[in-house]
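Below: the structure, in C-alpha cells.
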Protein chains: 2
Amino acid sequence: MKVTRKSDYGLRALYTLARHYDNTPVSIGQLASEHRIPEPFLEKIMQELRDKGFVEAAHGRGGGYRLKKRPAQITLREVVRALDGPIALVTCLDPGLKCAIELKCPTSSVWEIINAQLEEYLASLTLEDIIQKSQTVKAGAG
Amino acid sequence: MKVTRKSDYGLRALYTLARHYDNTPVSIGQLASEHRIPEPFLEKIMQELRDKGFVEAAHGRGGGYRLKKRPAQITLREVVRALDGPIALVTCLDPGLKCAIELKCPTSSVWEIINAQLEEYLASLTLEDIIQKSQTVKAGAG
DNA sequence: ATAAAAACAGAGTATTTTGCTCGGAATTTA
DNA sequence: TAAATTCCGAGCAAAATACTCTGTTTTTAT
C-alpha cells in the first residue's frame, strides 16, 4: 500500500466521530477544521465511508455524520482497505498485477510476510484502542 | 514508504550478484534479462547502487557489476533506503514533512510503531538470508 | 590500431497516483 | 422560505513513478 492522506484523514475524522458516539452528528466543516483537512476533500472521503457502511449522514441544518458501528468494531485495517484499497506494500503484491515478472522471485516471500504482519497489526487495532491510547498519552504526558 | 519497483529490481539484481559473489562480474544485460527488468532502467539503478557503495563496476568487454560487500553484510533495509529513500509508510512520517497538520494526531503513535516494526524486520534480513530461503524453497517444494 | 562490449552521464518523458477542486442539485430544519 | 447541510459527477494540478534517449568513455579482444 502506503497509507495515503485519504486513509489518514478518514481515520482522524472517524476518531472524532468515535468520541461523539451516540451524540449529535458532526458536520464536515467541524471535522475539517478540527483536523485541518481541506473541506471538499473530506466531503468525498466521508461519502466513501458512508457507502462502505462506516458512517451515516444526517442531511440539512444541524446535520453531519455519525458512526454506524461501535468504535470497538472498526479496525484500522478495514478503514485503510476501504479508502486505499487492498494493502500491498510492494507493487508486486497488488492483486490483479500479481507479479507478472517472475513466477516466484527470490524476494516475494519476504514481502508476503511483511505485508501479512502489517495487515495483522492494523487488524488488531480498533478505533476504541486509538481513543484509549490518546487518553493515556494525555494523562501520562507532562 | 512503499517499496517501489526501483528497490524491487535493485534487490533482485543484488540477489543475483550475491550468488555470483567472488566470481566474474555480471552485466546489466544479463541481470535485466534474468529478471525481465527494462535494461536502461536497471542501468540507472545499478549506477545508484554503485554510488552508494553496494557494488563496483568493471568497464569494457566482459565487464559488469560485482558485489562490494559480503551478502551477509547487506540488509534489505539498507538497499531499500538507498533506492527509495527513508522508509515512511505514511506521508506524515516523512522526515521533512513531519506532520505539519497536527502536533500530535491521534493515529501518529500507531504509524510510528508500524513503521519501526517494518524497518526492524527489513534490517534483520540480509542478502545471505534471501539466498538461504530461496534454496530451502527449491529443495523443499515438490 | 580498431572494433566491439560494456559501463557512464545527464537530460528528458510518459504514465499513474495522489490530493485535491468546482458547480450545482437535493434534503432537512428553523 | 432561507439557511445549513449533504449529495453527486466531473474534472484538474502536482507529484511520484517508471521509465527512455543520446551520446561518451573505458576496457578488452583481435
Side-chain angles (χ1 to χ4, degrees), chain A residues 1-10 12-13 17 24-33 35-52 54-66 68 80 83-86 88-92 94 96-97 100-101, chain B residues 1-10 12-13 17 24-33 35-52 54-66 68 80 83-86 88-92 94 96-97 100-101:
Chain A
M1 54 171 183
K2 174 168 191 190
V3 177
T4 67
R5 288 285 189 207
K6 211 168 147 193
S7 284
D8 184 15
Y9 292 162
R12 292 182 202 202
L17 295 188
T24 51
V26 185
S27 74
I28 288 171
Q30 284 175 276
L31 292 171
S33 81
H35 298 289
R36 301 204 212 157
I37 302 170
E39 223 177 292
F41 190 27
L42 183 59
E43 193 182 354
K44 284 301 173 194
I45 295 170
M46 294 315 291
Q47 283 170 14
E48 214 169 327
L49 287 172
R50 178 207 53 195
D51 291 345
K52 304 261 165 74
F54 293 93
V55 298
E56 63 189 356
H59 279 219
R61 179 178 255 180
Y65 288 91
R66 256 189 303 254
K68 221 172 145 182
V80 172
L83 294 177
D84 278 340
L89 187 64
V90 187
T91 310
C92 65
D94 222 310
L97 295 174
I101 298 169
Chain B
M1 54 169 180
K2 171 167 192 190
V3 177
T4 67
R5 287 285 190 208
K6 213 167 145 193
S7 284
D8 184 15
Y9 292 163
R12 292 181 202 203
L17 295 187
T24 51
V26 185
S27 74
I28 288 171
Q30 285 174 276
L31 293 171
S33 80
H35 298 289
R36 302 203 212 157
I37 302 170
E39 224 178 292
F41 190 26
L42 182 59
E43 196 182 352
K44 284 303 173 194
I45 294 169
M46 294 316 292
Q47 285 171 12
E48 212 168 330
L49 287 173
R50 179 206 53 196
D51 292 344
K52 305 260 165 76
F54 293 94
V55 298
E56 63 189 357
H59 277 220
R61 183 179 255 179
Y65 289 91
R66 257 189 302 256
K68 222 172 145 184
V80 172
L83 294 176
D84 278 340
L89 187 64
V90 186
T91 311
C92 64
D94 223 310
L97 295 175
I101 299 169

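Every chain is numbered from 1 and lettered A, B, ... according to where its sequence line falls, protein lines coming before strand lines.
Donor-acceptor pairing under 3.5 Å, judged by distance alone, is absent between the side chain of A:K44 and the base of C:dG19.
Here the closest non-hydrogen pair linking A:V3 and A:V80 is CG2-CG1, 4.5 Å. Minimum heavy-atom separation, A:Y65 to A:L17: O-CD2, 3.4 Å. Shortest non-hydrogen contact noted between B:G10 and B:L83 is CA-CD1, 4.0 Å.
Comparing atom distances between the B:T4 side chain and each of D:dT5, D:dT17, C:dA6 picks out D:dT17 as nearest. For A:S27, the side-chain atoms get nearest to D:dT6 when compared with the rest of D:dT6, D:dA18, C:dA7.
No contact: A:G29 has no heavy atom under 4.0 Å from any strand. Nucleic acid contact for B:P38: sugar-phosphate only, since backbone atoms but no base atoms lie under 4.0 Å from a heavy atom of the residue.
To the nearest angstrom, C1' of C:dT21 lies 13 Å from CD of A:Q47. Atom pair A:L31:CG and D:dT6:C1' shows a separation of 13 Å (rounding to whole Å applied). In this structure, B:I37 places its CD1 atom 16 Å from C1' of D:dT17, rounding to the nearest Å. Spacing between atom CZ of A:F41 and atom C1' of D:dC12 amounts to 13 Å, rounded to whole angstrom units. One atom, CD1 of A:I28, and another, P of C:dC20, lie 15 Å apart when rounded to the nearest Å. In this structure, the CD atom of B:E39 is 13 Å from the P atom of C:dA5, given to the nearest Å. Between the CG atom of A:L49 and the P atom of D:dT6 there is a distance of 14 Å, given to the nearest Å. We find that CD of B:E56 is positioned 18 Å from P of D:dT26, with the value rounded to whole Å.
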Can you give each donor-acceptor pair under 3.5 Å made by side-chain atoms of residues 38-52 of chain B, sequence neighbours left out, with the distance rounded to 0.1 Å?
residue	atom	partner	partner atom	Å
B:E48	OE1	B:K6	NZ	3.3
B:K52	NZ	B:A82	O	3.0

Atom pairs and distances, side-chain donor-acceptor, residues 24-31 of chain A, under 3.5 Å, sequence neighbours left out:
residue	atom	partner	partner atom	Å
A:S27	OG	A:G29	N	3.4
A:S27	OG	A:Q30	N	3.2
A:S27	OG	A:Q30	OE1	3.4
A:Q30	OE1	A:S27	N	3.1

What string of B, S and - do you get for nucleotides 24-30 of chain C, 5' to 3', if B is base contact, S is sugar-phosphate-only contact and - is no contact with any protein heavy atom under 4.0 Å?
-> ---BBSS
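A:L89 is listed as a side-chain neighbour of B:L89, based on a closest heavy-atom distance under 4.5 Å.
Taking only side-chain nitrogens and oxygens, B:R50 comes nearer than 4.0 Å to OP1 or OP2 of C:dA9. Put simply, B:Y9 has no side-chain N or O that comes within less than 4.0 Å of OP1 or OP2 on D:dT17.
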